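Reading through the structure tokens given below for one structure.
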There are 2 protein chains.
Amino acid sequence: MVALSTNLSQDFYKHVKELIFRPMKTVDKAMGLLRHFTPTQPEIGLSELARLADLDKATTRRILVSLSKHHFIEQNQITKAYRLGSGFLHLARVREATTPITAIANQTVDWLSEVTNETAHASVAGPSALITIAHKEPHRGTVVMIDPTEPLPFHATASGIAYLAFNDPEVMNAALRQQLGKYTEFTETNPDAIRQRVAKAKADGFFLNEHGFESDVAGLAMPYFNADGSAAGAIAVAMPITRKSEELVTKIKRNVAAASARITTAIGGVLHPNVQQLMR
Amino acid sequence: MVALSTNLSQDFYKHVKELIFRPMKTVDKAMGLLRHFTPTQPEIGLSELARLADLDKATTRRILVSLSKHHFIEQNQITKAYRLGSGFLHLARVREATTPITAIANQTVDWLSEVTNETAHASVAGPSALITIAHKEPHRGTVVMIDPTEPLPFHATASGIAYLAFNDPEVMNAALRQQLGKYTEFTETNPDAIRQRVAKAKADGFFLNEHGFESDVAGLAMPYFNADGSAAGAIAVAMPITRKSEELVTKIKRNVAAASARITTAIGGVLHPNVQQLMR
DNA sequence: GACCAACGGTTCAATATTGTCACCATCGGC
DNA sequence: GCCGATGGTGACAATATTGAACCGTTGGTC
């Protein structure tokens with residue numbers, strides 16, 4: 001009886017811990033600072049960064065000083081603002097040498113754009129959105145143009161929904177806790193409706209988004225996978241909505257599935273059955 | 001008298017602090033872990049990493065867990081080994097959007113290789129060596145081939161010496177404190193001799209290295225500069241030593257200087273006079 | 001199949017680091 | 001010369017980090 005209750009409470013503790021335990025708060029804070037540097041705001045002053053990250057100025061500065069020792073942060077000597085350093089170039093190269101995802105994604109996207117004759121793009125999970133790592137527009141008149149520096153919000157893009165569908169529910173919860181931007185008048189910003197979309201994507205193995213991020217554009221996306229079966233990112237085709245037909249969608253679906261399989265196997269991941277079956 | 005001695009001790013304290021004060025040890029440790037991932041050893045187990053970084057296993061693991069929360073570290077689910085995550089792809093893109101050093105370096109290296117008709121390469125400062133960010137071999141028979149994934153050790157390459165020459169002396173001291181590898185039978189590994197080379201490079205504005213990193217290869221390098229006047233990295237030309245002549249070296253020197261100037265201005269840096277005068 | 005060594009992973013009291021907050025110096029507008 | 005903003009700093013209480021010792025597994029050896 002006593003033993004039982006002890007085991008129970010231990011299990012419960014462990015469970016809670018897995019959910020909320022955050023070792024190394026300091027590291028979390030440091031990494032949290034980095035996410036505020038974006039293509040649209042690449043340099044940030046001390047006070048503003050502290051405000052953004054919800055940290056004390058002194059703390060923020062100490063972290064920045066430490067990061068700059070390792071070339072991860074640089075300071076503009078004139079404005080005193082901070083920006084990302086060259087250290088990331090190095091680590092991105094090492095990462096790419098290990099897992100050549102950018103190279104594979106480029107190849108795959110080129111192929112996908114060619115066979116579908118529409119714009120294709122691939123993305124990986126970033127801190128609060130997906131980041132485009134490869135894109136290609138086909139050579140013809142009306143195509144969807146992509147800004148590769150613009151983050152793809154989870155809730156408003158086909159890629160984002162597809163990514164969330166094959167990841168830990170906690171990732172989705174975190175995504176829905178953010179401010180959900182309205183990019184077109186049709187962008188779905190109701191968390192419950194988005195959860196339904198994610199559930200549908202999980203069942204179908206893909207997601208088709210219309211007008212959600214850009215007007216008059218439909219995107220069809222599937223995730224590609226890590227070795228543990230979770231989504232690592234997404235690959236998608238974007239078409240002008242006027243061109244959308246059942247036939248085209250079927251074709252794109254099959255090709256995107258093949259592209260997902262290609263990237264997944266190249267990075268040593270395991271394909272989810274729901275995606276796999278779409279290749280047929 | 002009292003005031004004087006107080007000021008003195010405060011100044012002394014401040015001086016010592018600047019030398020040894022390391023705020024945010026935790027951040028230092030976390031960043032220190034990252035440097036052990038290299039193209040040749042991209043996945044590292046917990047115990048080995050702890051040994052390499054000279055940290056406790058428990059500490060190491062807590063840091064890794066925190067980093068992986070932010071996509072900076074991934075774990076191979078089968079071998080349990082850790083590797084760099086996709087987060088760096090994102091930050092490298094942001095950094096590149098801010099300071100397009102890779103793009104500029106590629107252009108410049110292409111040009112430099114064409115006008116000199118020899119192999120050209122550019123590098124940025126990494127944690128313990130320079131990292132190649134761009135390289136180009138000319139189209140002809142005998143040229144020097146470069147492995148772009150191999151780090152360029154500070155002490156054994158023209159680029160490394162040129163970089164150290166225009167940076168804080170403390171960077172050089174740190175570099176010389178490392179194990180100084182012997183890559184050819186001519187590699188200089190005596191710290192004092194290396195210091196002399198660095199001093200010469202500082203006076204000349206460039207450095208010519210022969211047989212130091214690869215046999216039968218001569219490299220001529222100059223730094224390019226940050227906004228604060230310190231070296232950010234180096235640009236170099238490598239030629240087979242059999243082709244080396246006073247005439248060729250003069251030509252290369254002038255062209256490398258132009259290349260350094262181009263990169264420096266593109267990233268908003270200030271060119272050091274010693275390098276500038278070599279363009280004439 | 002029993003031993004061993006090495007691995008990944010975890011715990012909790014002891015301890016070192018960090019956050020807080022009040023503070024300075026400087027800048028630009030008014 | 002004041003105001004409110006900025007970047008930056010220091011002392012000490014509050015808190016997060018540490019590390020020896022501890023599991024439970026795995027894989028090799030005899």
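Note that this is a predicted model, so its numbers are computed, not measured. Within every chain, numbering begins at 1; the chains are lettered A, B, ... in the order of the sequence lines, protein sequences first and strands thereafter.
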Phosphate OP1/OP2 of [N] contacted by [X] side-chain N/O (<4.0 Å):
X	N	result
K29(B)	dT18(D)	yes
S47(B)	dA6(C)	no
Y82(B)	dC7(C)	no
K80(B)	dG8(C)	no
R61(A)	dT9(D)	yes
T26(B)	dT18(C)	yes
R51(B)	dC7(C)	yes

**Request:** Can you see which heavy atom on P39(A) is nearest to which on T149(A), and at what distance?
**Result:** CG-O, 3.7 Å
**Item:** Minimum-distance pair of heavy atoms, taken over all atoms of A221(A) and A162(A)
**Value:** O-CB, 3.7 Å
Separation of [X] atom [atom1] from [N] atom [atom2], in whole Å?
X	N	atom1	atom2	answer
N76(B)	dC7(C)	CG	C1'	15 Å
E48(B)	dC7(C)	CD	C1'	12 Å
I63(B)	dT17(C)	CD1	P	13 Å
L64(B)	dG9(C)	CG	C1'	12 Å
L55(A)	dC21(C)	CG	C1'	15 Å
D54(A)	dG19(C)	CG	C1'	13 Å
I78(B)	dG8(C)	CD1	C1'	16 Å
K25(A)	dA16(C)	NZ	P	22 Å

**Message:** Closer than 3.5 angstrom, by distance alone: can the side chain of Q75(A) be matched with the main-chain N or O of R83(A) as a donor-acceptor pair?
**Reply:**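 No; zero donor-acceptor contacts below 3.5 Å.
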**Fill in**
Winner on side-chain proximity to R62(B), out of dA11(D), dG19(D), dG8(D), is dG19(D)
**Asked** Does K57(A) get its side chain close enough to the base of dG7(D), under 3.5 Å, for a donor-acceptor pair?
**Response** yes
**Request:** Using a heavy-atom cut-off of under 4.0 Å over every strand shown, decide if Q75(A) touches base, sugar-phosphate, or nothing.
**Result:**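 Result for Q75(A) = sugar-phosphate.
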**Asked** Would E43(B) and K80(B) pass as an ion pair if we require N to O under 4.0 Å?
**Response** no
**Prompt:** Could E74(A) and R95(B) be called an ion pair, given the rule that one side-chain N must be under 4.0 Å from one carboxylate O?
**Reply:**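 Answer for the salt bridge query: yes.
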**Prompt:** If you pin D56(A) and L46(B) to their nearest nucleotides in DNA chain C, which one's is more 5'?
**Reply:**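 In this pair, the answer is L46(B).
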